[in-house]
Amino acid sequence: MPELPEVEIVKQSLKKAIKYKKIRKVIVKNRNLRFKLPKNFEKTLQNKIILNVTRISKYIVIKFKSDTYCIFHLGMSGTIHMVKKKINKITNLSFYQKKQLPNKHNHIRLFFSNFKIIYNDPRRFGFFKLFNNTNDLNLYFKNLGPEPFNKKFTFNYLVNKIKNKKKNIKNILLDQNIISGLGNIYVNEILFYSKIDPKKKGVELSKDEIHKIIKYSKLVLKLAIKFGGSSIRDFKSTEGKQGSFQKEFKIYSRNGENCYRNNCKGKIIKFFQTNRSTYMCEICQK
DNA sequence: CCGTTAACCTGAGAGC
DNA sequence: TGCTCTCAGGTTAACG
């Protein structure tokens, strides 16, 4: 499901819902996520008070006292739902546009005093991990590249990372160890804004093109967050609201349509790079 | 080290 | 209706 903007939206609404609240009970229905849920998962979380909810690239980090952490990743299809006890039946906490949550993929439930948080994930590419000190938490993320908003994400940083790469720029930007938080949609969008052919190799990029990538990674993510993320298929925030950035897509999923750029007569084509769909305008992306 | 591919899963939608 | 096929906001082990 989610790239950085969608995870950020989930984090914001989750934080609002659970910060300083106590987990009363944990029920797990299916431990077989991408990584098997740790045996002590329920016991570790039970009766813990949430001190903070933060985000590191596409991961959400829940902090408890004594430097204990629970992190999770939503994979492709993970969603978080909040269900309030009293209005259970009429809340718009739907999934796949249905009014009621299908129980089948509700793998984890966290019970609070007057609501519960549900983790639902049909494809089970998402996962949860526990850490009992800050050092282990940081070690887990040590190879992750900076997010586009990070101060470390500078021209010099990116030049050094890609100047010798023979890999195409699209896959370079999808590499979380080089730059973290981007996924297939936003990389397509960023390369369109930057007028760069996604097939172009890292080594072939000009200084100007690298400046553009930096500029537009920040811009596209900022816009996406402002619009509440992109809701295609199954993304919703914890309150069940849909994002609307999908209406702002310049290139993603616009196969066969006309290029939006002024005076460009190009048509948008679709092809695959490493099994992921790429969209580009053959005329203005060079 | 680098780059590429397959694999992990389920469900929606298209085409027949 | 129902079958088969393709595709999906991600990551990563295994290979050459």
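Naming convention: chains lettered A, B, ... in sequence-line order (proteins, then strands); numbering from 1 in each chain.
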* Asked: Rounded to the nearest 0.5 Å, how far does NZ of A/Lys11 lie from CG of A/Leu4?
  ->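 A/Leu4 CG to A/Lys11 NZ: 9.5 Å, rounded to 0.5 Å.
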* Asked: Quick one: NZ on A/Lys39 to OG1 on A/Thr44, what's the gap to the nearest 0.5 Å?
  ->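 Separation between the atoms: 13.0 Å.
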Protein-nucleotide distance ([X], atom [atom1]; [N], atom [atom2]), rounded to Å:
X: A/Lys129; N: C/dT11; atom1: NZ; atom2: P; answer: 14 Å
X: A/Arg124; N: B/dG11; atom1: CZ; atom2: P; answer: 9 Å
X: A/Ile232; N: B/dA12; atom1: CD1; atom2: P; answer: 15 Å
X: A/Phe35; N: C/dG10; atom1: CZ; atom2: P; answer: 15 Å
X: A/Ile179; N: C/dT11; atom1: CD1; atom2: P; answer: 13 Å
X: A/Arg123; N: C/dA8; atom1: CZ; atom2: P; answer: 10 Å
X: A/Asp121; N: C/dA8; atom1: CG; atom2: P; answer: 18 Å
X: A/Asn184; N: C/dA8; atom1: CG; atom2: C1'; answer: 9 Å

* To do: Could you tell me whether the side chain of A/Glu257 and the main chain of A/Ile268 form a donor-acceptor pair under 3.5 Å?
  => no
* For DNA chain C, what is the dot-bracket line, given that a base pair needs Watson-Crick (N1 to N3, plus N6-O4 or O6-N4) or G-U wobble (N1-O2 and O6-N3) geometry with both distances under 3.5 Å, and | means paired with another strand? -> .|||||||.|||||||
* Decide side chain to side chain donor-acceptor pair (under 3.5 Å) for A/Asn184 and A/Lys170; before the verdict, give the C-alpha distance in whole Å, the side-chain angles of both, and the deciding distance to 0.1 Å. => CA-CA 9 Å; A/Asn184 202 38; A/Lys170 191 202 175 195; 2.7 Å; yes
* Determine the interatomic distance between P on B/dA6 and the same-named atom on C/dT6; round to the nearest Å. => 15 Å
* **Integer angstrom distance from the C1' of B/dA12 to that of C/dT11** =>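 One C1' to the other, the span is 23 Å.
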Taking only side-chain N and O atoms of [X], does any of them lie within less than 4.0 angstrom of OP1 or OP2 on [N]?
X: A/His105; N: B/dC9; value: no
X: A/Ser277; N: C/dA8; value: yes
X: A/Gln176; N: C/dT11; value: yes
X: A/His73; N: C/dT11; value: yes

* So, do A/Phe125 and B/dC8 meet the stacking rule of ring centres under 5.5 Å and planes under 30°? -> yes
* Structure fact -> For A/Glu282, the side chain to side chain contact (heavy atoms under 4.5 Å, CB included) test, sequence neighbours excluded, returns A/Ile269
Taking atom [atom1] as the centre, does [X] end up with more than 12 heavy-atom neighbours from other residues, nucleotides or ligands that are less than 6.0 angstrom away?
X: A/Lys200; atom1: NZ; result: yes
X: A/Lys29; atom1: NZ; result: yes
X: A/Lys167; atom1: NZ; result: yes

* To do: Let me know which of A/Tyr69, A/Phe64, A/Tyr140 forms a ring-ring contact (aromatic ring centres under 6.0 Å, His included) with A/Phe131.
  =>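 Exactly one candidate clears the test, A/Tyr140.
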* Asked: What nucleic acid atoms does A/Phe245 come within less than 4.0 Å of, heavy atoms only: base, sugar-phosphate, or nothing?
  -> nothing
* Asked: Just checking, A/Lys247 and A/Phe227: is the charged tip under 6.0 Å from the six-membered ring centre and within 45° of the axis?
  -> no
* **Geometric cation-pi criterion A/Lys152 and A/Tyr157, 6.0 Å radius, 45° cone** =>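 A/Lys152 over A/Tyr157 ring: no.
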* **Sorted by number, the residues of residues 199-207 of chain A with heavy-atom contact under 4.0 Å to DNA chain B** => none
Tabulate atom names and distances for all N/O pairs under 3.5 angstrom spanning the protein and nucleotides 14-16 of chain C.
none

* Asked: Can you find an N or O donor on one side and an acceptor on the other, under 3.5 Å apart, linking the side chain of A/Arg34 with the base of C/dT11?
  ->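 Answer is yes: a donor-acceptor pair is held.
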* Asked: Tell me the side-chain hydrogen bond (donor to acceptor under 3.5 Å, both in side chains) pairs involving residues 211-221 of chain A, sequence neighbours left out?
  ->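 Qualifying pairs: A/Asp208-A/Lys212.
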* Run the ring-centre check on A/Tyr59 versus A/Phe141 and record whether the distance is less than 6.0 Å. => yes
* Is any NZ, NE, NH1 or NH2 atom of the basic residue among A/Lys226 and A/Glu248 found under 4.0 Å from an Asp or Glu carboxylate oxygen of the other? ->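 Salt bridge: no.
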* Please walk me through it: do A/His73 and A/Arg34 pass side-chain contact (heavy atoms from CB on, under 4.5 Å)? -> CA-CA 10 Å; A/His73 191 291; A/Arg34 179 181 183 89; over 6 Å; no
Are there any protein N/O atoms within less than 3.5 Å of an N/O atom in nucleotides 2-6 of chain B, and if so, which ones and at what distance?
unit_1	atom_1	unit_2	atom_2	d
B/dG3	OP1	A/Lys166	N	2.8
B/dG3	OP1	A/Lys167	N	3.4

* **Listed nucleotide nearest any side-chain atom of A/Glu3, set B/dT10, C/dA8, C/dG10** => C/dG10
